[in-house]
Protein chains: 2
Amino acid sequence: MDRFLSHATNRIDAKGRVSVPASFRGVLAKLDIRELYCFQDFVFPAISAGGPELLDRFERQIAGEDPFSPQANEMSLLIHGGGVFMKLDQEGRLMVSDFIRDFTGITDEVTFVGRADHFQLWAPQVFQEAQAAARQERRLRGLRPG
Amino acid sequence: MDRFLSHATNRIDAKGRVSVPASFRGVLAKLDIRELYCFQDFVFPAISAGGPELLDRFERQIAGEDPFSPQANEMSLLIHGGGVFMKLDQEGRLMVSDFIRDFTGITDEVTFVGRADHFQLWAPQVFQEAQAAARQERRLRGLRPG
DNA sequence: TGGGACCATATGGGGGTCAATGGGATTTGG
DNA sequence: CCAAATCCCATTGACCCCCATATGGTCCCA
């Protein structure tokens with residue numbers, strides 16, 4: 001597998017760590033990603049995580065604008081100020097910091113959600129509801145799959 | 001790490017000092033920056049800090065304009081009149097002067113915010129609000145990553 | 001076909017290391 | 001000579017390396 005798919009929920013231990021699903025770790029290994037760039041998602045209350053090239057992509061987008069413009073400044077505030085590099089420990093776990101908890105509402109469990117070229121960290125219940133809402137909206141618009 | 005990333009909040013002690021996050025100090029060491037050039041941000045109520053070459057860059061931009069133009073005059077007023085050099089003490093702390101407090105509203109805690117080639121000092125709550133506003137604006141514009 | 005060996009993943013916790021913080025002592029500058 | 005800044009040392013707590021245990025699934029063989 002070469003992309004992040006499906007979702008899984010894992011428990012946070014007493015030290016505040018959580019295991020990244022093995023299938024996701026496999027993708028990370030395959031893409032040779034050793035450090036995760038994590039940032040606060042622009043739409044959902046979730047943390048998005050992917051390789052450093054995610055940040056590169058954002059920075060290229062900024063570079064296209066006037067560097068002194070308020071738009072560029074705002075964008076930097078989000079992707080630099082709102083982003084972190086994180087490392088997994090030897091067992092493939094990551095620390096669930098306040099940076100993550102405050103933004104997502106995560107307390108004792110994390111739902112990992114695959115998004116092809118990156119994955120996300122959600123509070124389980126929030127994810128369920130967002131998914132249900134998305135399904136509902138799709139139904140209303142008549143955009144059924146198949 | 002070769003650039004300033006993420007954010008962290010530290011407490012100001014009884015003597016008015018605050019620790020610069022270790023990850024930021026690591027970047028400073030890597031770039032061999034011993035003295036910080038600090039100035040009042042052009043957009044947000046925050047103090048920006050970086051190496052002396054930041055000032056050089058501003059001065060080069062001024063040099064490119066008519067030296068007697070209102071723009072050049074204004075720019076100089078901001079980067080010269082609104083800028084200072086600061087040093088860290090042996091433990092990597094800096095004094096939070098009135099220069100910083102008055103402009104940012106900082107009282108007893110400082111949020112350090114990475115901005116790639118420099119970092120900023122914010123009042124924690126002001127930063128939270130500015131970031132939320134930036135995210136909201138981005139959402140309205142419909143600019144998704146990728 | 002059912003039981004059990006085997007394996008991979010998730011989880012728990014000890015202990016060392018380093019960063020953040022607090023405060024006394026000394027120097028510096030006005 | 002006084003106030004503020006800096007040096008130096010101590011304490012606390014968070015994070016990370018390392019090893020141990022639990023849990024669930026698969027495969028093989030009787």
Side-chain angles (χ1 to χ4, degrees), chain A residues 1 4-30 33-38 47 49 84-102 106-114 119 121-124 127, chain B residues 1 4-30 33-36 38 47 49 84-102 106-114 119-124 127:
Chain A
M1 194 65 55
F4 301 100
L5 271 183
S6 169
H7 68 268
T9 301
N10 286 339
R11 192 172 325 149
I12 299 176
D13 70 17
K15 292 188 178 180
R17 303 168 299 185
V18 67
S19 292
V20 174
S23 65
F24 287 7
R25 301 206 304 264
V27 178
L28 291 175
K30 179 150 194 169
I33 295 175
R34 290 144 191 274
E35 232 176 1
L36 283 177
Y37 170 63
C38 305
I47 297 293
V84 223
F85 276 107
M86 301 195 74
K87 280 192 311 187
L88 304 189
D89 71 12
Q90 215 155 294
E91 285 75 32
R93 292 179 283 199
L94 59 81
M95 283 294 305
V96 184
S97 57
D98 285 342
F99 172 83
I100 294 175
R101 292 177 193 267
D102 293 346
I106 288 170
T107 55
D108 59 343
E109 282 190 334
V110 179
T111 296
F112 291 86
V113 181
F119 64 87
L121 280 64
W122 287 72
F127 171 65
Chain B
M1 195 67 52
F4 300 100
L5 216 57
S6 173
H7 66 264
T9 301
N10 287 339
R11 193 171 324 146
I12 299 176
D13 68 17
K15 295 184 181 181
R17 304 169 298 184
V18 67
S19 291
V20 175
S23 65
F24 287 8
R25 301 205 307 262
V27 178
L28 291 175
K30 180 152 195 169
I33 296 175
R34 289 143 192 276
E35 227 176 5
L36 283 176
C38 305
I47 296 293
V84 256
F85 276 104
M86 301 196 74
K87 279 193 311 188
L88 303 189
D89 72 11
Q90 212 155 293
E91 284 75 32
R93 292 182 278 202
L94 58 81
M95 284 294 304
V96 183
S97 59
D98 285 342
F99 169 80
I100 294 175
R101 293 177 192 268
D102 294 345
I106 287 170
T107 56
D108 59 342
E109 282 190 335
V110 180
T111 296
F112 291 86
V113 181
F119 64 88
Q120 297 182 318
L121 281 64
W122 287 72
F127 170 66

Pick base, sugar-phosphate or nothing for Lys15(A), based on heavy-atom distances below 4.0 Å to the nucleic acid. base
Base, sugar-phosphate, or nothing: which does Val20(B) touch, judged by heavy atoms less than 4.0 Å apart? sugar-phosphate
If I take atom OG from residue Ser6(A) and atom CZ from residue Phe119(A), how far apart are they, to the nearest 0.5 angstrom? 13.0 Å
Whole angstrom is fine here: how far is it from [atom1] in [X] over to [atom2] in [N]?
X: Glu91(A); N: dG13(C); atom1: CD; atom2: P; answer: 14 Å
X: Gln90(A); N: dA10(C); atom1: CD; atom2: P; answer: 16 Å
X: Met86(A); N: dA14(D); atom1: CE; atom2: C1'; answer: 13 Å
X: Asp89(A); N: dG12(C); atom1: CG; atom2: C1'; answer: 12 Å
X: Asp13(A); N: dA20(D); atom1: CG; atom2: P; answer: 18 Å
X: Arg25(B); N: dC18(C); atom1: CZ; atom2: C1'; answer: 10 Å
X: Arg17(A); N: dT9(C); atom1: CZ; atom2: P; answer: 18 Å
X: Ile12(A); N: dA10(C); atom1: CD1; atom2: C1'; answer: 14 Å

If you compare every side-chain N and O of Arg93(B) against the phosphate oxygens of dC7(D) (OP1, OP2), does one of them come in below 4.0 Å? no
Met95(B) has a side chain; which of dA20(C), dC16(D), dT6(D) sits nearest to it? dT6(D)
Heavy-atom closest pair, residues [X] and [Y]:
X: Ser19(B); Y: Asn10(B); answer: O-ND2, 2.8 Å
X: Ile100(B); Y: Met95(B); answer: CD1-O, 4.1 Å
X: Phe127(A); Y: Thr111(A); answer: CD2-CG2, 3.8 Å

